[in-house]
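Structure, as structure tokens:
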Amino acid sequence: MGYVDEVLEKVSKKNEGQPEFLQAVTEVLESLRPVVEANEELYRKEAVLERITEPDRQIMFRVPWVDDNGQVQVNRGFRVQFNNAIGPYKGGLRLHPSVNLSIIKFLGFEQVFKNSLTSLPIGGGKGGSDFDPKGKSDREIMAFCQSFMTELYKYIGADMDVPAGDIGVGGREIGYLFGQYKRIRGTYEGVLTGKGLTYGGSLARTEATGYGLLYFTEEMLKSNGQDIAGKTICVSGAGNVAIYAIQKAQQLGAKVVTCSDSTGWIYDPEGIDVALLKEVKEVKRARLTEYAAKRPSAQYHEGRGVWTIKCDVALPCATQNELLIDDAKALVANGVIAVAEGANMPTTLEATKYLQENGVLFAPGKASNAGGVATSALEMSQNSERLSWTFEEVDSKLKNIMVNIFHNLDDASKKYGKEGDYVAGANIAGFEKVVNAMVAQGVC
Ligand SMILES: NC(=O)C1=CN([C@@H]2O[C@H](COP(=O)(O)OP(=O)(O)OC[C@H]3O[C@@H](n4cnc5c(N)ncnc54)[C@H](O)[C@@H]3O)[C@@H](O)[C@H]2O)C=CC1
Ligand SMILES: O=C(O)CCC(=O)C(=O)O
């Protein structure tokens, strides 16, 4: 049995009942076969695959807090510090009722490769809680965040582990978390990114994941003889990533006709009105029915269905495993030319394979959504030098980073005979840098 298959078997046995984590590991290890075969003796001796699939540490803790009725509630908190070979652990915090160890581990594992691809010195980690922010008052959100940080502060720091936002964690939550960290530790440091602009945040971090996704997609299309201007795009999600992906797509001359949330979706053939979407989702934190109520050209549908709409480019920006095999078939039947992931692992393994086999340009999230964490690393740099850069400066660095990521993974895919397979290219390029650092640092 080859080294990759041996490790896949061991990882499956050790992590039974963790389907999302095993899905992420399978995708990565399967695509690393050419580079592993080329270095098998060294990698086996150094046990690099066993080490890279085992988190440095997994922290789980109780998060008690008091709701508005005076009732004590208890949630579970997580921080998985996956790998710090190339820099301090870095990755978001997710607040969603579905959060469990498998989900946080898959996200932390993906983050290791993504952060490596940015070319910036950041390791990989992820955290969160099964706390559901929906319907909670500001006071309840603050109570939860303060309690969460009262345990988490022991394990994080500007040179140790720097969390940020993810699903359910935006500027409000980062503010409460930062305030509690400062209060307990008594130090003013860049321990979190995505901070408000008055206390160490970076301009363009809010926009970065969505904008970065479009910079990457534009470059991928350009390299394949296509122009993003004039394309029809379907987006899923209606959160941070989706909103700024839609905005940048429109700035680049494309038309985005869909978005969605966890209860329904919008088809707006005239193009999504971003100002209205921002008001509904960022200001009112309301459902998409409010968007439809104010926009005569929009149709609202319950459930899921974004991928049934004819488009040239699909950008899944909501959550993991939201683009299934039947969705991939519908997209291909409707002539899609590119799928670029804004969310983390939104496309199932089966759907990815189908898209690639049918000639669709497919960009994995660890490459195409890396603009968020890359800009977080730029926020860390600004915090270290105690300066703030202009929006244009950050945005232009972000664009360069995304264009370079595309070319690095394109080159890596060609080097190992996998031209056009951007999944393999991203995994190989991200992996090589981390593994070289791990080997150089000895057994640790
Ligand atoms: N915020 C960031 O900087 C980054 C986020 N990501 C990933 O992007 C995705 C979205 O994250 P954010 O936009 O930050 O979160 P968010 O909390 O701002 O928005 C998530 C959106 O997705 C919708 N959603 C959730 N589950 C859904 C489902 N089953 N079907 C349809 N819609 C659903 C929610 O209603 C919400 O509109 C996640 O996979 C996250 O891990 C990736 C890189 C960076
Ligand atoms: O900005 C960050 O540190 C993390 C963003 C994130 O969670 C992600 O890239 O999935």
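Between the side chains of Tyr291 and Lys281, no donor-acceptor pair of N or O atoms lies under 3.5 Å.
Take Ser413 and apply the side-chain contact (heavy atoms from CB on, under 4.5 Å) test, not counting sequence neighbours, and it matches Asp410, Lys418. Every residue meeting the side-chain contact (heavy atoms from CB on, under 4.5 Å) condition with Ala351, not counting sequence neighbours, appears here in chain and number order: Leu323, Ala328, Thr347, Thr348. Judged as a salt bridge (Lys or Arg N to Asp or Glu O under 4.0 Å), and not counting sequence neighbours, Asp56 has no contacts.
Taking the six-membered ring where tryptophan is involved, the planes of Phe113 and Phe431 are essentially parallel, since the angle between them stays under 30° and well short of 60°. The aromatic rings of Phe148 and Phe61 sit tilted relative to each other, their planes meeting at an angle between 30° and 60°.
A donor-acceptor pair under 3.5 Å links the side-chain atoms of Lys90 to the main chain of Val162, judged by distance alone. The backbone N or O of Glu432 sits less than 3.5 Å from a side-chain atom of Asn436, completing a donor-acceptor pair. Remark: the backbone N or O of Asn344 is not paired with any side-chain donor or acceptor of Glu110 at under 3.5 angstrom. Between the Gln111 side chain and the Gly124 main chain, no donor and acceptor come within less than 3.5 Å of each other. The backbone N or O of Ser129 sits nowhere less than 3.5 Å from a side-chain atom of Asn75 that would complete a donor-acceptor pair. At least one donor-acceptor pair under 3.5 Å links the side chain of Asn100 to the backbone N or O of Ser102. No side-chain donor-acceptor contact under 3.5 Å links Glu290 to the backbone of Arg285. A side-chain donor-acceptor contact under 3.5 Å links Arg139 to the backbone of Asp67. Side chain of Lys433 to main chain of Ala429: no donor-acceptor pair is present (N/O by atom type, distance under 3.5 Å, no hydrogens or angles). The main-chain N or O of Gly237 is found under 3.5 Å from a side-chain atom of Ser260 such that the two form a donor-acceptor pair.
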Steps toward side-chain contact (heavy atoms from CB on, under 4.5 Å) verdict (Met142, Gln146):
CA-CA 6 Å; Met142 182 171 74; Gln146 290 182 339; 3.6 Å; yes
In sequence, state the C-alpha distance, the side-chain angles, and the governing distance for Tyr181 and Thr187, and then conclude on side-chain contact (heavy atoms from CB on, under 4.5 Å).
CA-CA 8 Å; Tyr181 181 86; Thr187 57; 4.0 Å; yes
Could you walk me through whether Asp68 and Lys136 pass salt bridge (charged side-chain N to carboxylate O under 4.0 Å, His left out), step by step?
CA-CA 9 Å; Asp68 284 347; Lys136 302 288 189 298; over 6 Å; no
Evaluate Ile233 against Val257 for side-chain contact (heavy atoms from CB on, under 4.5 Å), listing each step before the verdict.
CA-CA 6 Å; Ile233 299 186; Val257 293; over 6 Å; no
Tell me, with the steps shown, if Ile103 and Gln320 meet side-chain contact (heavy atoms from CB on, under 4.5 Å).
CA-CA 9 Å; Ile103 289 182; Gln320 66 274 0; 3.4 Å; yes
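Here the closest heavy-atom approach between residue Met380 and residue Pro88 is recorded as CE-CG, 4.3 Å. A pairwise comparison of heavy atoms in Leu117 and Ile405 identifies O-CG1, 3.4 Å as the closest pair. Nearest heavy atoms, Gly125 versus Arg79: C-NH2, 4.1 Å. Here the closest heavy-atom approach between residue Phe109 and residue Ile52 is recorded as CE1-O, 3.5 Å. Ala437 and Ile86 get closest at one heavy-atom pair: CB-CG2, 3.7 Å. In terms of heavy atoms, Gly170 sits closest to Glu173 at N-OE1, 2.8 Å.
A centroid separation of less than 6.0 Å is found between the aromatic rings of Phe178 and Tyr199.
Using a cut-off of 4.0 Å between Lys/Arg side-chain N and Asp/Glu carboxylate O, Glu30 and Arg33 are scored as salt-bridged. Taking a cutoff of 4.0 Å between a charged side-chain nitrogen and a carboxylate oxygen, Glu151 and Lys154 qualify as a salt bridge. Salt bridge status for Lys366 with Glu341: absent, with no side-chain N to carboxylate O gap under 4.0 Å.
Among Leu213, Thr258, Ile246, the single residue meeting the side-chain contact (heavy atoms from CB on, under 4.5 Å) criterion with Leu315 is Leu213.
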